Structure formats: structure tokens, C-alpha cells
Asker: 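Let me give you the structure first, and then I'll get to my questions.
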Amino acid sequence: MINFDFDYYKASDLKSAYDLYKDLTGKGKKVFYYAGGTELITSFRKGTIKADALIDIKDIEGIKTIRCEEEVVLGGCLTLNEIIETHNIDILKEVLIHIGDHTVRNAITIGGNICGRLPYKEAILPLLALDADIVTYGEQGLREVKLRDLFDKRLKLSPGEILYQIKYLNKRITYGMKRYTETTSVDYPIVHVFVRNDSEKSVAVSGYCSYPLFKVFSNESLEGIKGDFESFGKDDKRASKAYKKHLFEEALDSIFREMEDK
Ligand SMILES: Cc1cc2nc3c(=O)[nH]c(=O)nc-3n(C[C@H](O)[C@H](O)[C@H](O)COP(=O)(O)OP(=O)(O)OC[C@H]3O[C@@H](n4cnc5c(N)ncnc54)[C@H](O)[C@@H]3O)c2cc1C
């Protein structure tokens with residue numbers, strides 16, 4: 001049960017959503033954009049977050065766009081299943097398919113996964129490796145920036161800024177991933193490692209500490225890469241820091257070995 005009242009608004013365009021957010025927060029109200037609602041409603045029920053108003057952004061024009069040509073364009077409010085079921089979005093699909101179960105993937109949006117409070121944000125791992133751009137709407141209207149430039153532990157959006165679209169070149173990259181969970185595969189990851197190894201060598205990892213980590217390497221050896229991540233590991237209720245380090249290093253060994261064998 002949600003034990004407080006809140007107002008619900010539905011926006012049809014970016015400007016009216018943003019203006020409404022500014023207007024309501026200017027009056028001292030606590031406001032959230034509402035996408036899939038899975039995180040917000042769970043938090044409301046638990047009483048860990050309260051709100052005076054929700055602005056539903058799913059009907060905003062273009063925020064459900066899905067285009068897969070030379071460039072892939074994904075609206076921020078596409079559900080994970082809408083992306084998974086689209087032909088030719090293979091790299092992202094391989095990651096998204098592990099988030100929650102089929103039912104919850106019908107609701108979770110890619111924007112919600114990236115902008116939410118939970119530390120995992122697994123959708124961001126391949127997007128960082130693919131060097132995606134993001135289009136946001138805020139004080140200056142639309143802006144397109146490198147995801148890598150706006151991501152530091154979390155997506156650094158200004159208050160009220162909306163993640164509108166994600167774009168990346170539909171190019172082939174050489175990649176490998178390993179995802180470890182505590183019991184069944186439908187669970188948050190203890191460690192999820194995504195490696196790119198072609199013209200660029202990069203490693204993205206979720207679960208290892210309280211935010212996703214991403215690093216690009218030039219000539220570092222595998223041992224050097226491992227050492228670069230070592231200090232970030234954190235104990236949590238799923239696993240100790242030592243166990244995460246073990247899984248992380250095992251994942252790197254195995255991914256790079258598989259790449260060499262190909
Ligand atoms: C059962 C279950 C299993 C899960 N398993 C995993 C997992 O294995 N791995 C993983 O990474 N995550 C997992 N999650 C977490 C899930 O991806 C996040 O909770 C995500 O926030 C849910 O997306 P949503 O669209 O429902 O977000 P909402 O609840 O609608 O919103 C979450 C937050 O993001 C903000 N927001 C949403 N969209 C935008 C946007 N376009 N622009 C700006 N702000 C926005 C909202 O204002 C709010 O603050 C799981 C969640 C559930 C419920």
C-alpha cells in the first residue's frame with residue numbers, strides 16, 4: 001500500500017514536462033518523472049521515497065522511438081522487452097535479457113534503468129562500451145552529449161533534465177561478458193563484466209561497488225587492468241569484496257581467453 005497521496009500528470013511533449021517539473025519543484029513540491037514506475041512504486045510502498053507529484057513521460061513524442069539503421073536510436077521510455085524484441089540490436093539485447101524476468105522487463109524502461117537510484121544500471125555497460133551519445137532535454141532545450149562525458153558513478157543530469165534518446169553507431173565490436181548472480185540467473189548481479197577489445201580496449205563492470213565502473217585502456221596487460229579496479233571493490237549483502245574480486249578477475253581471464261581462441 002502507498003500511504004500518501006500524490007498528483008499524477010501526463011506530459012505530451014518535452015517542454016511541458018520540463019516546465020511542469022520546474023513549476024512544481026519551484027513551489028517546494030517533491031516531483032519525479034514516471035517511466036516504467038517499477039522503482040518508484042516499490043520505493044513508495046516501502047516508504048523509502050515520498051513524492052507530491054509524478055509526471056508520466058511515456059507519451060512524450062519521440063521518447064518511444066526505435067530505429068535501427070546505420071545509427072541505432074532508442075527512446076528513453078522504451079521498455080527493455082521492446083528493445084530486446086527488435087531485430088538487430090544484438091549487443092544490447094544480450095545484456096538486457098538478464099535484467100529482471102520477462103514480466104518486469106515489460107515495464108522497466110531503458111531510461112529508468114540508467115537514471116534510477118539502484119546501483120546496478122546494467123544497460124549502461126554496453127552503451128558505455130559502444131560510446132553512445134545521449135539526447136537530453138533541460139534548461140537549454142535539447143542537447144546531445146557523449147554518455148561517457150555525463151556518466152560518473154551516475155548519469156549527471158541537471159534537476160528536471162529528461163533522458164530523451166540514446167544513439168550509437170550500429171557497428172560491430174569485439175566484446176565479451178560474464179554475469180554472476182547469487183542463486184538463479186534472475187537476480188541482481190554480484191558482478192557483471194562487459195569487455196570491449198578491438199580498436200579500443202575497455203572494461204565496464206556493475207555490482208563490483210555501489211555504482212557501475214568504466215575504464216578505457218591502451219596497452220595495459222591483463223594484470224594491469226585487474227590492478228586498476230582492485231581498490232574499488234566493496235562488500236555488500238550479496239558478496240564480500242574478496243569474492244567479487246575473485247569473480248571479476250575470473251571473468252576477465254575467461255573473456256580474454258575466449259577472445260584469443262576465436
Ligand atoms: C523486479 C526487478 C528486478 C530488477 N532487476 C534488475 C537487474 O537485474 N539489473 C538492473 O540493472 N536493474 C534491475 N532492476 C532495476 C530497474 O532497472 C530500475 O529500478 C529502473 O529504475 C526501473 O525502470 P523504470 O522505468 O521502472 O523506472 P521508474 O520507476 O519509472 O523511474 C526510476 C527513476 O528514474 C527516473 N527516470 C526514469 N526515466 C527517466 C528519464 N527518461 N529521464 C530522466 N529520469 C528518468 C525517475 O524519475 C525515477 O527517479 C530491477 C527492478 C525490478 C523491479
Side-chain angles (χ1 to χ4, degrees), residues 2 6 8-11 14 17-18 20-21 24-25 30-46 48-60 62-65 74-84 92 95-128 134-138 142-143 147 150 154-166 177 179-192 194 204-208 210-212 238:
I2 298 173
F6 55 87
Y8 171 85
Y9 300 88
K10 203 171 180 89
L14 288 164
Y18 182 75
L20 181 60
Y21 181 97
L24 293 170
T25 51
K30 179 97 176 148
V31 186
F32 290 96
Y33 292 124
Y34 179 89
T38 61
E39 184 175 313
L40 285 173
I41 300 302
T42 308
S43 308
F44 288 1
R45 287 201 181 112
K46 283 189 190 160
T48 49
I49 309 182
K50 282 194 166 191
D52 299 302
L54 291 182
I55 305 174
D56 191 331
I57 54 174
K58 289 192 297 294
D59 276 1
I60 287 177
I63 210 157
K64 294 277 257 180
T65 293
L74 302 171
C77 281
L78 286 168
T79 67
L80 302 188
N81 276 345
E82 283 169 332
I83 298 170
I84 289 165
L92 207 50
V95 170
L96 301 188
I97 201 106
H98 297 289
I99 298 178
D101 61 15
H102 189 269
T103 307
V104 78
R105 286 195 298 271
N106 277 331
I108 294 177
T109 64
I110 189 154
N113 182 263
I114 294 171
C115 300
R117 293 172 163 226
L118 293 178
Y120 304 101
K121 306 180 197 306
E122 288 178 83
I124 211 159
L125 306 180
L127 293 173
L128 285 166
I134 55 170
V135 183
T136 69
Y137 187 92
L142 284 171
R143 67 168 172 151
L147 174 64
L150 220 57
R154 62 179 182 81
L155 197 58
K156 302 278 184 187
L157 297 178
S158 318
E161 194 169 0
I162 298 168
L163 172 56
Y164 177 53
Q165 290 180 339
I166 298 159
M177 55 172 276
R179 185 179 192 270
Y180 302 92
T181 54
E182 203 175 344
T183 49
T184 64
S185 61
V186 182
D187 197 0
Y188 295 104
I190 297 177
V191 169
H192 181 169
F194 189 100
V205 58
S206 168
Y208 196 58
S210 54
Y211 46 84
R238 285 198 158 67

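Whatever order the structure lists ligands and atoms in, that order sets their numbers, starting from 1. No experiment lies behind these values; they were computed from the predicted model shown. Counting from 1, the numbers follow the sequence of the chain as shown.
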Asker: Do Phe6 and Phe44 have their ring centres less than 6.0 Å from each other?
Answerer: yes

Asker: For ligand 1, does Ile99 get within less than 4.0 Å through its side chain, its backbone, both, or neither, judged by non-hydrogen atoms?
Answerer: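 For Ile99, backbone and side-chain atoms both sit under 4.0 Å from ligand 1.
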
Asker: Using heavy-atom distances only, which candidate in Tyr120, Tyr21, Phe32 approaches atom 49 (O) of ligand 1 most closely?
Answerer: Phe32

Asker: Provide, to 0.1 Å, the distance between atom 25 (O) of ligand 1 and the closest protein heavy atom, together with that atom's residue and name.
Answerer: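 In this structure, atom 25 (O) of ligand 1 has Thr109 OG1, 2.7 Å as its nearest protein heavy atom.
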
Asker: Checking a contact table here: which protein heavy atom is nearest atom 1 (C) of ligand 1, and how many Å away?
Answerer: Val104 CG2, 3.8 Å

Asker: When you measure from atom 6 (C) of ligand 1 to every protein heavy atom, which one gives the shortest distance, and what is it?
Answerer: Tyr188 CE2, 3.3 Å

Asker: Please state which protein non-hydrogen atom is closest to atom 16 (C) of ligand 1 and give its distance, to 0.1 Å?
Answerer: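 Scanning the protein heavy atoms, the shortest distance from atom 16 (C) of ligand 1 goes to Ile108 CD1, 3.8 Å.
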
Asker: Just go through Gly37, Gly76, Gly116, Pro119 and tell me whose heavy atom is the nearest to atom 30 (O) of ligand 1.
Answerer: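 Looking at heavy atoms only, Gly37 sits closest to atom 30 (O) of ligand 1.
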
Asker: Under 4.0 Å from a heavy atom of Asp187: give me the atoms of ligand 1 that qualify, with their elements.
Answerer: 8 (O)

Asker: Please list, chain by chain and in numerical order, all residues satisfying ring-ring contact (aromatic ring centres under 6.0 Å, His included) with Tyr164, sequence neighbours excluded.
Answerer: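 Residues passing ring-ring contact (aromatic ring centres under 6.0 Å, His included) with Tyr164: none at all.
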
Asker: Would you kindly specify which portion of Ile57 sits under 4.0 Å from ligand 1, judged on non-hydrogen atoms: side chain, backbone, both or neither?
Answerer: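 It is the side chain that touches ligand 1; the backbone stays farther off.
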
Asker: When you measure from atom 22 (C) of ligand 1 to every protein heavy atom, which one gives the shortest distance, and what is it?
Answerer: Thr38 OG1, 3.2 Å

Asker: More than 12 heavy atoms of other residues, nucleotides or ligands under 6.0 Å from NZ of Lys10: yes or no?
Answerer: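 It does: Lys10 NZ has more than 12 such atoms within range.
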
Asker: With heavy-atom distances below 4.0 Å as the criterion, list the atoms of ligand 1 near Arg179.
Answerer: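 Selected atoms, number and element: 8 (O).
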
Asker: When you measure from atom 19 (O) of ligand 1 to every protein heavy atom, which one gives the shortest distance, and what is it?
Answerer: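 Sorting protein heavy atoms by distance from atom 19 (O) of ligand 1 puts Glu39 OE1, 2.7 Å first.
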
Asker: Taking non-hydrogen atoms only, is Glu161 closer than 4.0 angstrom to ligand 1 via side chain, backbone, both or neither?
Answerer: backbone

Asker: I'd like to check whether Leu163 has a polar contact with ligand 1, where a contact means an N/O of the residue lying under 3.5 Å from an N/O of the ligand.
Answerer: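 Yes, Leu163 has an N/O under 3.5 Å of an N/O on ligand 1.
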
Asker: With sequence neighbours left out, which residue pairs that include part of residues 110-127 fulfil the side chain to side chain donor-acceptor pair (under 3.5 Å) condition?
Answerer: Tyr120-Arg238, Glu122-Arg179, Glu122-His192

Asker: Which protein non-hydrogen atom lies closest to atom 12 (N) of ligand 1, naming both residue and atom, and how far is it?
Answerer: Asn113 ND2, 3.4 Å

Asker: Can you tell me which portion of Lys58 lies within the under-4.0 Å heavy-atom range of ligand 1? Options are side chain, backbone, both, or neither.
Answerer: neither

Asker: Please indicate whether any nitrogen or oxygen in Tyr34 is less than 3.5 Å from any nitrogen or oxygen in ligand 1.
Answerer: no

Asker: From the options Gly112, Ala123, Gly36, select the one whose nearest heavy atom is closest to atom 21 (O) of ligand 1.
Answerer: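 Looking at heavy atoms only, the winner is Gly112.
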
Asker: Where is the nearest protein heavy atom to atom 35 (C) of ligand 1: which residue, which atom, and how far?
Answerer: Cys115 CB, 4.0 Å

